[in-house]
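Just below is one structure, and these are the notes that go with it.
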Protein chains: 2
Amino acid sequence: MGDGSFQFLSGNRTYPRRSLHGQIVHEMGRRIATGDIEPGHSLPSEEVLCAEMSVSRTALREAMKVLSAKGMIESRPRRGITVLDRDNWNALDPDVLSWVHGGRPDGEYMHKLVEVRRIVEPAAAELAAKRATDAELVAIQDCCDNMAKGVGNIDLYIAADLEFHAAVISANHNEFLRPVANAICAAMLSSLRITNPTAIKNRYSLTLHEAINSAIQARDPKGAREAMLAHQAHMSEIMHNVFGDMKEQE
Amino acid sequence: MGDGSFQFLSGNRTYPRRSLHGQIVHEMGRRIATGDIEPGHSLPSEEVLCAEMSVSRTALREAMKVLSAKGMIESRPRRGITVLDRDNWNALDPDVLSWVHGGRPDGEYMHKLVEVRRIVEPAAAELAAKRATDAELVAIQDCCDNMAKGVGNIDLYIAADLEFHAAVISANHNEFLRPVANAICAAMLSSLRITNPTAIKNRYSLTLHEAINSAIQARDPKGAREAMLAHQAHMSEIMHNVFGDMKEQE
DNA sequence: ATCTCCCATATTGTAATACAATATGAGCAG
DNA sequence: CTGCTCATATTGTATTACAATATGGGAGAT
């Protein structure tokens, strides 16, 4: 432990790019997610796609099976490959998440993300204070320490930040919550690069994380919840400054 | 609308079984999920698997790609196919969910499910009261009506119940929340067949749903939250009676 | 003219084979 | 004992052939 090995981020596994069909998966996934092909519409036939990309049907089909497994397409004989409605997409899949929100997080996107975090994370902090094992307490502490160490190194700081939040939710021992945490982290990754340069300056962010950590270490559920709420309030403020009005639809 | 067409359940799409590789997907997925092969352990080589199942490598490999896309296995040259740690599994994927919790929901499982619902649904009800479009209000109302109609028909009742909860979360217009709702519904399906025969008798369940609906229709966020909390308290009570002590780790 | 049914056909699904790429672990050199 | 090389087993890709399936048009009946 404490080696910065990113143990909790392991859940954010994305489909490997090393193989040819893996590259096709990411390329086509991105195209579909960006709206290049509208839901309900059909893709070219396998034969045409193979020709366009200069790959064999084997590689192409294996790639399509991956996208199909994520609920983005459906392939039927004679009908061809059709893009499914976004409701069917496995939206918390790390790959889908990265394709849909690849690059440019806008205000609306950030607002929705914050909304989910506000719902889930206070409860998660509370549960973590109740249930974390000794090993998990150590892991959470380590993340906090790494954040402190990483004040000068933005990448290290972000990684530790992500791990901290993932570790807290992971300590809930609830398999239904974990994927949500993974998704939050994956989505945070793109946003932190924008907001953290601001957060890292005043060091207040670090203090807030340490407050959460302290409460959890002391097994103080209410305190953990309160500290998490304070942290989120601070995050919201920063985001408000960075992204401007996020159209709170109250 | 109001035709009981299950529009909100569409997100619970599972991988089609009609093809040969589709059948392999579900067979192997089930085997892995039930712990037939331990995480970290290797599957037999493709050649052996093909022989065992009497299928071509083509079909087998396409099936493996699907499981790989869901984060359950990883396949590397020379190393073979290894089962990944459960942390990597896409736990909110409808297929994974059905394989992991196929059939026998135990007390611990139900407890975790209730826990997530307690965290997410009150907030969801509140947001739905704020943001639901007119069409969504109608849809929620329809679900409620269908439940009332289905008092004598357990299947219709369950379907309407599921749709109601899905519709409420769907009305939040938050893409990060929707998959959670889908998962909750998929998981609820197995549990409702056990608990609903109890719930349907006293009709109190129906009254509680109608209270949530009324608050949302009246665009009363606080009321919606309170009504949802009351509903969940009732559900917890029923489950407690059905499953016995669920080891609340307070 | 309209409808029904059947069939030709285009497209995906499965099979079989061959070879390329890759990581493993044994064997050898130091 | 250590580090390197290389044969080898296993997955990855390509190619070809054929089977299964749904579409849409055309023949035939009403």
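All values below were derived from every heavy atom in this structure, side-chain atoms included, with hydrogens, water molecules and symmetry-related copies excluded. In what follows, every chain begins at residue 1, and chains take the letters A, B, ... in the order their sequences are listed.
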Note down the inter-axis angle between the two ends of the helix from C:dA1-D:dT30 to C:dG30-D:dC1, five pairs each, to the nearest 10°.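 That helix has its two terminal axes inclined by roughly 0°.
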
Taking the side chain as every heavy atom from C-beta outward, state whether [X] and [Y] have any atom pair closer than 4.5 Å.
X	Y	result
A:F164	A:N213	yes
A:M53	A:I24	yes
A:T82	A:R76	no
A:H165	A:H209	yes

Anything under 4.0 Å to a heavy atom of chain A counts; send over the first and last such nucleotide of DNA chain D, read 5' to 3'.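 Going 5' to 3' along DNA chain D, contacts run D:dG12 to D:dT23.
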
d([atom1], [X]; [atom2], [N]) in whole Å:
X	N	atom1	atom2	value
A:R61	C:dA15	CZ	C1'	12 Å
A:R57	C:dA16	CZ	P	16 Å
A:E47	C:dG13	CD	C1'	15 Å

So, A:R131 side chain and A:N172 main chain: donor-acceptor pair closer than 3.5 Å or not?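 Yes.
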
Interface polar pairs with nucleotides 23-26 of chain C, N/O, under 3.5 angstrom:
from   : atom 1 : to    : atom 2 : distance (Å)
C:dT24 : OP1    : B:R79 : NE     : 3.0
C:dT24 : O2     : B:R78 : NH1    : 3.2

May I ask you to decide if the ring planes of A:H26 and A:Y15 are parallel, tilted or perpendicular, using 30° and 60° as cut-offs?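 Answer is tilted, since the angle falls between 30° and 60°.
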
Can you tell me how far apart CE (B:M147) and CG (B:L162) are? Round to the nearest 0.5 Å.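 Nearest 0.5 Å value for the CE-CG distance: 9.5 Å.
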
Shortest non-hydrogen contact from B:L60 to B:C50?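 Smallest interatomic distance, heavy atoms only, reads CD2-SG, 3.8 Å.
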
If you compare all heavy atoms of B:H21 against all heavy atoms of B:A63, which two are closest, and at what distance to 0.1 Å?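 That closest heavy-atom pairing would be O-CB, 3.5 Å.
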
Quick one: do B:R86 and A:E175 satisfy salt bridge (Lys or Arg N to Asp or Glu O under 4.0 Å)? Show the steps, please. CA-CA 9 Å; B:R86 297 179 97 90; A:E175 61 219 89; over 6 Å; no

Mind checking A:T58 for me? I need base, sugar-phosphate or nothing, with any heavy atom below 4.0 Å counting as a touch.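 Touches a base.
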
Pick from B:P39, B:S42, B:S68: which one makes a side-chain contact (heavy atoms from CB on, under 4.5 Å) with B:I73?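 Going through B:P39, B:S42, B:S68 one by one, the side-chain contact (heavy atoms from CB on, under 4.5 Å) with B:I73 is satisfied by B:S68 alone.
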
Which residue lies more 5' along DNA chain D, comparing A:S54 with B:P44 via nearest heavy atoms: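 Looking at DNA chain D, the more 5' nearest nucleotide goes with B:P44.
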
